Amino acid sequence: MPLAPKFIVKRVAMRYVAGSEMSDAIMTMHELSAEGACFTVDVLGEEISSMDEASYFHEEYSRLLDAIQEHGLNANISIKPTAFGLLINRESAYSNIESITRKAQKLGSFVRLDMEDSRVTQETIDVMLAMHSKGLTNIGVVLQGRLYRTESDIDSVCSSLGDKSDFRICKGIYLESEDIAHTKYSKIVEATNAAVTSMLERGAYTAIASHDIPVIEHALAELRSRGMTDGESTGLEKKGPGYEFQFLLGVRGDVRRDLASKGHLTRVYVPYGTRWYEYGIRRLRENPEVASHVVKALLMPWTNRR
Ligand code: FAD
């Protein structure tokens, strides 16, 4: 996939990325607001090599929080701890994340810590717990169904944070070794579904981030059996039992719109930034089916609806 011509990757990326600039993300959110969705915004980029780069992310996210407020958008932010320097200078990374989370709290917003590969699973959970211990309860973490440890992570986070626990649950995009993770599709689905059940069981706010129908159907059945038919926002006052469905920008918009039309809260993950090439490659690697979207987009551009 890294050998794919850049113009092809760009075609792919433009379906999944709002654009290179913050203004592109704002425009995309204005467009999709009409479909009843709310948002979480990601500034593209991951592990960095110097703390100067961390300053860039800190400033960009700070500007982003202001822009969200200014435009009256129903959006929060998703950040990657390694982009804030977690693997270079732990102390600075914590202080950068704290400052962004504090700013988000003042603005009534929420911070989601994206989950990266297994090198930083515990560290990422620890960052979240550390912020809560400072009274910053407007932060939640992502857990990955494919990891064996996830059930015990749900247990320990819920034991520490009680009804302030707020998870995004996904299958996990990083291909981990079979010593620590399920590697077969059916097992990953089974484990992700079990994690959804455990989160709801423990009364945690549960954001189901999957485009896979068996996962969505399982979540719907669990929600129905608990009488939780209405979504609740991740607003600060609304922690505890609640849920939402999350989708990546450009993926299965039809399923998202259908859920929204039935009254479920849906959130779109909106990435923007100049690192669209890496993100496009990741989407291609993850799902070679994407290639068919590209051909369609090239031949029939009007069908390329997000
Ligand atoms: P799949 O079985 O992969 O997909 C089901 C179907 O959806 C496919 O058959 C296809 O029709 C469609 N589909 C899926 N992906 C695409 C695509 N790229 N293009 C077109 N169609 C597609 N992972 C992490 O490790 N950490 C995170 O923090 C994280 N955050 C996420 C946030 C959101 C909002 C979402 C939706 C996913 C996130 N992920 C994250 C990725 C996730 O872990 C999975 O890798 C990804 O969602 C694919 O799994 P799936 O459950 O959608 O099922």
Side-chain angles (χ1 to χ4, degrees), residues 1 9 11-17 32 37-42 44 46 75-83 111-121 124-125 127-128 140-147 149-150 153 166-176 180-193 195-196 206-219 234 243-256 259 265-271 279-297 303-306:
M1 282 307 170
V9 179
R11 266 284 170 185
V12 175
M14 287 309 124
R15 184 188 167 97
Y16 302 106
V17 175
L32 294 183
C38 57
F39 310 94
T40 186
V41 191
D42 166 52
L44 287 173
E46 297 174 30
N76 60 43
I77 58 172
S78 283
I79 68 176
K80 291 192 172 54
T82 63
V111 177
R112 177 71 63 193
L113 294 178
D114 280 346
M115 186 55 85
E116 303 172 79
D117 64 79
S118 57
R119 285 174 308 164
V120 290
T121 310
T124 304
I125 294 171
V127 171
M128 193 249 327
V141 79
V142 178
L143 294 180
Q144 299 157 325
R146 73 168 66 231
L147 293 187
R149 58 176 289 164
T150 287
D153 288 336
D166 186 324
F167 299 108
R168 175 195 297 155
I169 173 71
C170 61
K171 288 181 186 170
I173 201 172
Y174 304 91
L175 299 176
E176 303 285 358
I180 59 165
H182 297 287
T183 53
K184 290 202 171 57
Y185 168 79
S186 59
K187 290 283 175 204
I188 294 171
V189 170
E190 225 171 83
T192 305
N193 286 347
V196 170
T206 307
I208 303 119
S210 172
H211 316 99
D212 204 11
I213 301 301
V215 176
I216 295 173
E217 289 293 343
H218 172 83
T234 46
Y243 72 95
E244 62 187 51
F245 288 96
Q246 298 191 346
F247 291 76
L248 298 176
L249 179 66
V251 182
R252 294 214 152 159
D254 50 343
V255 178
R256 170 174 55 78
L259 286 167
L265 183 68
T266 58
R267 188 176 300 275
V268 183
Y269 186 100
V270 177
Y279 193 78
I281 287 281
R282 189 128 71 89
R283 298 271 81 83
L284 267 166
R285 267 214 189 98
E286 176 194 350
N287 189 347
E289 263 179 50
V290 165
S292 67
H293 292 302
V294 180
V295 175
K296 224 162 124 191
T303 63
N304 195 24
R305 186 167 179 214
R306 282 161 160 168

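No experiment lies behind these values; they were computed from the predicted model shown. When a ligand or atom number is given, it counts from 1 through the structure's own listing order.
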Going through the distances and angles, do K80 and E116 end up as a salt bridge (Lys or Arg N to Asp or Glu O under 4.0 Å)? CA-CA 7 Å; K80 291 192 172 54; E116 303 172 79; over 6 Å; no

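- Both the backbone and the side chain of I173 come within contact range of ligand 1, each with a heavy atom under 4.0 Å.
- Residue M128 forms a side chain to side chain contact (heavy atoms under 4.5 Å, CB included) with just one option from V141, V142, D166, and that option is V141.
- Interface of V142 with ligand 1, defined as ligand atoms under 4.0 Å from a residue heavy atom, comprises 27 (C), 28 (O).
- Considering backbone and side-chain N/O atoms, Q246 never comes within less than 3.5 Å of an N/O atom of ligand 1.
- Considering all non-hydrogen atoms of both residues, V189 and V215 come closest at CG1-CG2, 4.1 Å.
- Numbered from 1 in the order shown, with element, the atoms of ligand 1 that lie under 4.0 Å from a heavy atom of Y174 read 25 (O).
- Of the candidates M115, R252, K171, H211, K171 brings a heavy atom nearest to atom 1 (P) of ligand 1.
- For R168, the heavy-atom gap to ligand 1 drops under 4.0 angstrom.
- Minimum interatomic distance between F247 and L259 (heavy atoms only, all atoms of both residues): CZ-CD1, 3.7 Å.
- Of the polar atoms of S210, at least one N or O is found under 3.5 Å from an N or O of ligand 1, judged by distance alone.
- Listed by number with element, the atoms of ligand 1 under 4.0 angstrom from any heavy atom of D114 are 28 (O).
- Within the 4.0 Å heavy-atom shell around ligand 1 one finds L248.
- What you find for F245 and A219 is that their closest heavy atoms are CE2-CB, 4.0 Å.
- Residues meeting the ring-ring contact (aromatic ring centres under 6.0 Å, His included) test with H182, sequence neighbours left out: Y148.
- Judged by distance alone, the side chains of S78 and D42 never bring a donor and an acceptor atom under 3.5 Å apart.
- For ligand 1, the polar-atom distance check finds an N/O of G172 within less than 3.5 Å of one of the ligand's N/O atoms.
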